[in-house]
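The block underneath contains the structure these notes are about, expressed in structure tokens.
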Amino acid sequence: QVQLVESGGGLVQAGGSLRLSCVVSGRTFGRYAMGWFRQAPGKEREFVAAISRSAGTTYYADSVKGRFTISRDNAKNTVYLRMNSLKREDTAVYYCAADPKGALDSTSYYATTYAYWGQGTQVTVSS
């Protein structure tokens with residue numbers, strides 16, 4: 001059973017920064033592509049960023065490009081999302097997800113591609 005546990009969310013002022021972490025249980029973390037998604041109240045879950053199993057490829061949503069950075073440490077079974085220059089519209093529950101496929105492709109933008117999900121961590125950006 002693969003378990004994903006996010007942490008690092010919280011309340012931050014606009015313009016501030018946060019770093020989210022997601023620890024994945026098991027010995028197969030290095031095989032997974034990893035993604036971050038978010039869901040704001042009343043809205044659908046949306047793609048934020050993804051990283052391939054080797055960290056050689058990353059994808060970002062246009063809304064976060066240049067502000068957010070996804071990274072991973074396979075030795076620690078952890079994927080990170082560094083969020084800078086936060087805006088009120090970044091307020092959401094952030095979820096990490098794992099895709100056993102390992103590589104990124106056009107399907108990596110879709111939540112249905114990911115087999116495993118964490119429980120989410122709340123990020124609130126105040127003005």
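Just so it is clear, the structure is predicted and the values come from calculations on it, not from any experiment.
- For the pair Val24 and Val2, the minimum side-chain heavy-atom distance is below 4.5 Å.
- Not less than 6.0 angstrom separates the ring centroid of Phe47 from the ring centroid of Tyr59.
- When all heavy atoms of Met34 and Leu4 are compared, the pair lying nearest together is CE-CD2, 4.0 Å.
- Judged purely by distance below 3.5 Å, without hydrogens or angles, the side chains of Glu89 and Thr91 never pair a donor atom with an acceptor atom.
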Audit row: Ser7, Thr121, side-chain contact (heavy atoms from CB on, under 4.5 Å) steps and yes/no: CA-CA 6 Å; Ser7 63; Thr121 186; 5.7 Å; no

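- Between Pro100 and Tyr116 the shortest heavy-atom distance is CG-CE1, 3.9 Å.
- Between the side chain of Glu6 and the main chain of Gln119, a donor-acceptor pair closer than 3.5 Å is present.
- The 12-atom threshold is not exceeded at CD of Glu44, counting heavy atoms of other residues, nucleotides or ligands nearer than 6.0 Å.
- Listed for the Tyr114 side chain is a donor-acceptor partner under 3.5 Å among the backbone atoms of Ser108.
- Side chain of Arg72 to main chain of Phe29: a donor-acceptor pair is present (N/O by atom type, distance under 3.5 Å, no hydrogens or angles).
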Determine, stepwise, if the pair Leu81 / Val48 fulfils side-chain contact (heavy atoms from CB on, under 4.5 Å). CA-CA 9 Å; Leu81 185 69; Val48 175; 4.1 Å; yes

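- Salt bridge annotation for Asp62-Lys65: present, with a cationic side-chain nitrogen under 4.0 angstrom from a carboxylate oxygen.
- The side-chain heavy atoms of Glu46 and Tyr109, taken from C-beta on, include no pair separated by under 4.5 Å.
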Any chance you could lay out the side-chain contact (heavy atoms from CB on, under 4.5 Å) test for Ile70 and Tyr60, step after step, and finish with the verdict? CA-CA 9 Å; Ile70 188 171; Tyr60 293 95; 3.4 Å; yes

Steps toward side-chain contact (heavy atoms from CB on, under 4.5 Å) verdict (Asp90, Val123): CA-CA 8 Å; Asp90 295 318; Val123 172; 5.5 Å; no

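- We find the CG-CG distance between Asn84 and Leu18 to be 9.5 Å, quoted to the nearest 0.5 Å.
- Thr78 and Asp73 are not linked by any side-chain donor-acceptor pair at a separation below 3.5 angstrom, with hydrogens and angles left out of the test.
- The backbone N or O of Arg53 lies less than 3.5 Å from a partner atom in the side chain of Asn74, making a donor-acceptor pair.
- Neither Leu20 nor Leu11 shares a network with the other; the hydrophobic side chains, linked directly or stepwise wherever heavy atoms of I, L, V, M, F, W or Y lie under 4.5 Å apart, form separate groups for each.
- Summarising the geometry of Phe37 relative to Ala111, their closest heavy-atom pair is CE2-N, 3.6 Å, with the distance given to 0.1 Å.
- Ser85 and Ser17 make their closest contact through N-OG, 4.3 Å (heavy atoms, listed as atom of the first residue, atom of the second, distance).
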Derivation of the side-chain hydrogen bond (donor to acceptor under 3.5 Å, both in side chains) call for Arg38 and Tyr94: CA-CA 4 Å; Arg38 66 186 182 186; Tyr94 283 71; 2.9 Å; yes

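- A donor-acceptor pair is defined here as one N or O able to donate and one able to accept, closer than 3.5 Å; such a pair exists between the side chain of Arg67 and the backbone of Ser63.
- Judged by distance alone, with hydrogens and angles left aside, the side-chain atoms of Ser25 form a donor-acceptor pair with the main-chain N or O of Gln3 at under 3.5 Å.
- Put simply, CD on Gln39 and CD on Gln122 are 11.0 Å apart, with the number rounded to the nearest 0.5 Å.
- A donor-acceptor contact shorter than 3.5 Å links the side chain of Ser52 to the backbone of Thr57.
- The aromatic ring centres of Trp36 and Phe68 sit 6.0 Å or more apart.
- A continuous path of ILVMFWY side-chain contacts below 4.5 Å connects Val12 to Val64, so both sit in one hydrophobic cluster.
- For the atom pair CG of Leu86 and OG of Ser126, the computed distance is 10.0 Å after rounding to the nearest 0.5 Å.
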Candidate pair Thr113 and Asp99, rule side-chain hydrogen bond (donor to acceptor under 3.5 Å, both in side chains), full reasoning: CA-CA 7 Å; Thr113 293; Asp99 175 13; 5.7 Å; no

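- Taking both residues in full, the closest heavy atoms of Ala98 and Tyr32 are given as CB-CD1, 3.9 Å, listed atom of the first, atom of the second, then distance.
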